[in-house]
2 protein chains.
Amino acid sequence: MELGLRLSLCVLLTLCAAGSARGGNILVWYTEGSHWINMKPMLETLVDRGHQVTVLTPEKSLYMNISETSRFHYESFDVSLSRKEMEDLLEESIRFFMYEMDQMNYLQIFLRFSEIMKIEMQYSLLYLDGVLKSETLMNKLKEGKYDLLLADPLFPGSDLVAEILDVPLVFSLRFSIAHNWERKCGQLPSPLSFVPVALSKLTDKMDFSERVLNFLFSQTTYCPLLFWTHCYALTSSPYACETMGRADIWLIRTYWDFDYPRPFIPNFKYIGGVHCRPAKPLPEEFVQSSGDAGIVVFTMGSLIHNITTERGNMIASALAQIPQKVVWRYKGEKPKTLGANTKIYDWIPQNDLLGHPKTRAFITHGGTNGIYEAIYHGVPMVGIPMFADQPDNLVHVKAKGAAVIMELNFMTTEDLRDAINTVITNKTYKESALRLSMIHHDRPMPPLDEAIFWIEYTMRNNGAKHLRVHAHELTWYQYYSLDVLAFLLSIVLLVTLLFIKTCSFCFQTCCNRKGKTKRKAE
Amino acid sequence: MELGLRLSLCVLLTLCAAGSARGGNILVWYTEGSHWINMKPMLETLVDRGHQVTVLTPEKSLYMNISETSRFHYESFDVSLSRKEMEDLLEESIRFFMYEMDQMNYLQIFLRFSEIMKIEMQYSLLYLDGVLKSETLMNKLKEGKYDLLLADPLFPGSDLVAEILDVPLVFSLRFSIAHNWERKCGQLPSPLSFVPVALSKLTDKMDFSERVLNFLFSQTTYCPLLFWTHCYALTSSPYACETMGRADIWLIRTYWDFDYPRPFIPNFKYIGGVHCRPAKPLPEEFVQSSGDAGIVVFTMGSLIHNITTERGNMIASALAQIPQKVVWRYKGEKPKTLGANTKIYDWIPQNDLLGHPKTRAFITHGGTNGIYEAIYHGVPMVGIPMFADQPDNLVHVKAKGAAVIMELNFMTTEDLRDAINTVITNKTYKESALRLSMIHHDRPMPPLDEAIFWIEYTMRNNGAKHLRVHAHELTWYQYYSLDVLAFLLSIVLLVTLLFIKTCSFCFQTCCNRKGKTKRKAE
């Protein structure tokens, strides 16, 4: 009790004294999709706390709906891309990851992946051009006198604009490919022996061959970074990593409930589950009618609307065979095999459902947001990963004992039915989910408050450069003390060499003398 | 406001729900000197929060006064050492560091230092024997059913006893020599290129020669670790580092106000300034009478009672020449040159004086506790370091712009007077001190609350093993992926060799054929 009171008093004093009396002026870089879902609760809270929030929004955004709330200011910019082109790329990516990849060899996968990444980068650059090359907008931003730029670096260019506007920069990031930005630009130490690179599907416990793989992954995935630098070169700054590295705070959207314990540095803050919140009561009778068996919540995320008819029927008939009632978020054609226990919805209140006491399991594609909601409420999972970070995310939850993983294209009705039954009836899954939930909740500060704290901290201190490690100023060989080792090694070698030479000289002189003595004696 | 309230509510809910309803049963390992000063505020707060605290105390403790408070239980143990022997070692160490060292060459220093360290280790072992070899005490401890052992690992053996009693272990540590325990046993990553080893007097900004020095320091100071392992071998467990590495939480008594930003891991928590508290009003008229000039606070710490008469006179006449009034804590003979502006006291309320608005500077020997009180209150410092971590501590504060360093045996009256005048009149020192103070106060949780949080966390979760990195299970060459590199390098070599052999074979075959054709043509 006393600790709580003292704590609130302290935070209060700090915040009131140091700047939250005057609301800050925050510029937010555009985001899309599930990244916007993560950003919004932070922005809402910032507005609640008296800050002015201005969001940069592409006019043809697929996800950011300017009209949806008037709580933020919006600053829109034009992108020379049609909505159709953007939708096409998204469709293309999904098709590649969901279906084509399974029929390709490694070379084909690599080439197709590189191609998609390249188009994505080109599109991102067009977005950036929309901001940077609009003189009107840039002038408006300069006149805006912002105290901070908040950005998800997955949507590139924020670091460059922060530099131009000369304002502190806070990143909110789930991960970059192979953790390249965190490692190379943010100087986050990541020993490859127990820190698996992002997307590798490895855990912190790796055998020798897995460590070799992890090492190779960390090297091969340099390509996106190369694209990246190349992109930046086009837009005037050749030092992508350097400008990214000037970010004051990196808010990383994981925590030790989901992630493996790993080294980090003072300006990296782990705010996984920042969007989670308690469940609201459900008006839904369907859930109440499920009796003791309870319900299963099933969604494939905001990007996937439908799957093939065959897969849909297979899934539906698996769901029909379990004793639970199933709430399925699905926009595709109604499967013929749909059981009486399964109800399909266009949209579901996912968080409220996961927080319902009758919920027994969560069938998920493995997006971080959904996984975090399940961790928050302590619900075991059946994962059907599809693309991007989803397979890797589910490996995390599986390694921590709270999930079973299925493969969409290869699982049978029986596989899925058994998997659902397993996570529900085998108590260890529920226990692991509850343990992760405990780790999630039992921390000094809830993730949303921690995110807000560090955003406001950066504003009131006009940056947080005193939390940055000096590693930013070192070359890679200096960082690993390779120059020091080389220097010391050469000294050792030199001394050894001198010693050997001296010995051999002494030995020779000695022999020669003996030889002479011998010859004389003869 | 809302954040504060929500925060306190959250901490309250977490704490109430998860175990602080039932008071825990905490065993505290013995400490001495300034380490006891750090430990006490934590123990007081734990008692305030309803926990039962039992402190292991050597019967002939030099600093722990069993009768001073009845708020803790004390469990005393006998040590086969006389108080005289302990006092002699202390005197000997102080004499060595304060006077003898300046007249010795490096080899003499190393030999004498090793000798003192060895005796200290032998004495520590006698303390440990006092606990481990007392069957009565060990049985009592086993029956005590403790929930946690809290220890400063500088006083060795707690990890072994935690293992025997099978209770979670929380360390509270300022530093170990060359950070050996943190690095080797705790798996704290410490790149030697920007993390200076403890006692090195280096900062995070090192040129090449300093990085070479830092590297060498990190290697030469293995000796104490060897002693340590040797000591443990005597007491049955040969795996000193392994048992230390099983500690659940390491509470490190620094923070980014005092320390250079560096990598750390999830079970390392930085609680520097854990003993600091707001100043109480002073009844002292002397301070009030100082007028606009203000006062200077001067203390050489709890270990040093007096200095030579000559040095005493020199210091006193420097103090007599400054416009401030001086509050000097000093138990030695009253110097003849003492000015009217200087008042000598046996004991001073140091924290209340440092927090007084009239205080302009702090003359300190550079102990961490005093430095942290000055940082807490934003007071610039003049450092006169003597031994142990004091020179290194003051380098930290100097590097951050809030201190000037003097050498006791070489400074003149003018040097000291000028140094005091500089930190008072040159505004940058006060500004730096205030900036450090701001960094100290502006964090999500005050250090004492954070320490308590993690102690209670470890109790309610019966350990915190899920925060430990997997690096503990790796050998050093696995940690640095040297086996992986060797493997990949040999493959590259093999392929290159095969390629060269094939080429040379083809070339030879080709040449031979040409030769034959030529010969035929001839």
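The analysis underlying the following values was restricted to heavy atoms, covering all of them including side chains, and did not include hydrogens, waters or symmetry mates. Chain naming here is simple, since letters A, B, ... match the order of the sequence lines and numbering starts at 1 in each. On a predicted model such as this, the values are computed, not experimentally measured, just so you know.
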With chain A, which of [options] has the greatest number of heavy-atom pairs at distances under 4.5 Å?
options	result
B:F208, B:Y270, B:F487, B:F268	B:F208
B:N267, B:L192, B:L485, B:I439	B:I439
B:K400, B:E473, B:M206, B:M438	B:M438
B:Q187, B:K205, B:R468	B:K205

Requested in this report: For A:M42 and A:L448, run side chain to side chain contact (heavy atoms under 4.5 Å, CB included): C-alpha distance rounded to whole Å, both residues' side-chain angles, the deciding distance at 0.1 Å, then the answer.
Outcome: CA-CA 7 Å; A:M42 287 197 253; A:L448 180 58; 4.0 Å; yes
Closest heavy-atom contact between [X] and [Y]?
X	Y	value
B:N214	B:P196	OD1-CA, 3.4 Å
A:P444	B:M445	CB-SD, 3.6 Å
A:R211	B:V484	NH1-CG2, 3.7 Å
A:F264	B:I265	CE2-C, 3.8 Å

Requested in this report: Among A:V195, A:D483, A:L488, single out the residue with the greatest number of heavy-atom pairs under 4.5 Å to chain B.
Outcome: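 The residue among A:V195, A:D483, A:L488 with the greatest pair count is A:D483.
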Query raised in the report: Relative to chain A, which segment of B:L474 carries a heavy atom at a distance below 4.5 Å: side chain, backbone, both, or neither?
Result: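 Only the side chain of B:L474 comes within 4.5 Å of chain A.
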Query raised in the report: Is it the backbone or the side chain of B:L188 that comes under 4.5 Å from a heavy atom of chain A, or both, or neither?
Result: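 For B:L188, no heavy atom lies under 4.5 Å from chain A.
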Query raised in the report: If you check every heavy atom in residues 246-253 of chain B against those of chain A, which residues fall under 4.5 Å?
Result: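 At a heavy-atom separation under 4.5 Å, chain A is reached by no residue of residues 246-253 of chain B.
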**Report entry** Residues of residues 254-263 of chain B near chain A, each having a heavy atom less than 4.5 Å away
**Finding:**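 Heavy-atom contacts from residues 254-263 of chain B to chain A are B:Y255, B:W256, B:P261, B:R262, B:P263.
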**Report entry** A:K269 vs A:V170, side chain to side chain contact (heavy atoms under 4.5 Å, CB included): CA-CA, chis, key distance, verdict
**Finding:** CA-CA 11 Å; A:K269 309 292 175 185; A:V170 171; over 6 Å; no
Report task. Using a strict cut-off of less than 4.0 Å between a Lys/Arg side-chain nitrogen and an Asp/Glu carboxylate oxygen, indicate whether B:D147 and B:R460 qualify as a salt bridge. Result ->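 Here B:D147 does not pair with B:R460 in a salt bridge, since their nearest N and O are not under 4.0 Å apart.
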Requested in this report: Indicate yes or no: does A:E456 engage A:R49 in a salt bridge with an N to O separation below 4.0 Å.
Outcome: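 Looking at A:R49 together with A:E456, the answer is yes, because their closest N to O distance falls below 4.0 Å.
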Requested in this report: Only counting residues at least two apart or in another chain, list the ones meeting side chain to side chain contact (heavy atoms under 4.5 Å, CB included) with A:L434.
Outcome: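 A:L434 satisfies side chain to side chain contact (heavy atoms under 4.5 Å, CB included) with A:K430 only.
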Query - Under 4.5 Å from a heavy atom of chain B, the part of A:P266 involved - result: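 For A:P266, heavy atoms of backbone and side chain both lie under 4.5 Å from chain B.
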Requested in this report: Establish, yes or no, whether a centroid distance under 6.0 Å links the rings of B:Y457 and B:W454.
Outcome: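 Yes, ring centres under 6.0 Å apart.
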Query - Side-chain donor or acceptor of B:R183 paired with backbone N/O of B:A178 under 3.5 Å - result: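 Yes; at least one donor-acceptor contact below 3.5 Å.
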Requested in this report: Output yes when a side-chain donor or acceptor of B:S437 lies under 3.5 Å from a complementary backbone atom of B:Y376, and no otherwise.
Outcome: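 A pair under 3.5 Å: yes.
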Requested in this report: Could you pull out all residues at least two apart from B:H470 that satisfy side chain to side chain donor-acceptor pair (under 3.5 Å)?
Outcome: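 With sequence neighbours excluded, B:H470 shows a side chain to side chain donor-acceptor pair (under 3.5 Å) to no residue whatsoever.
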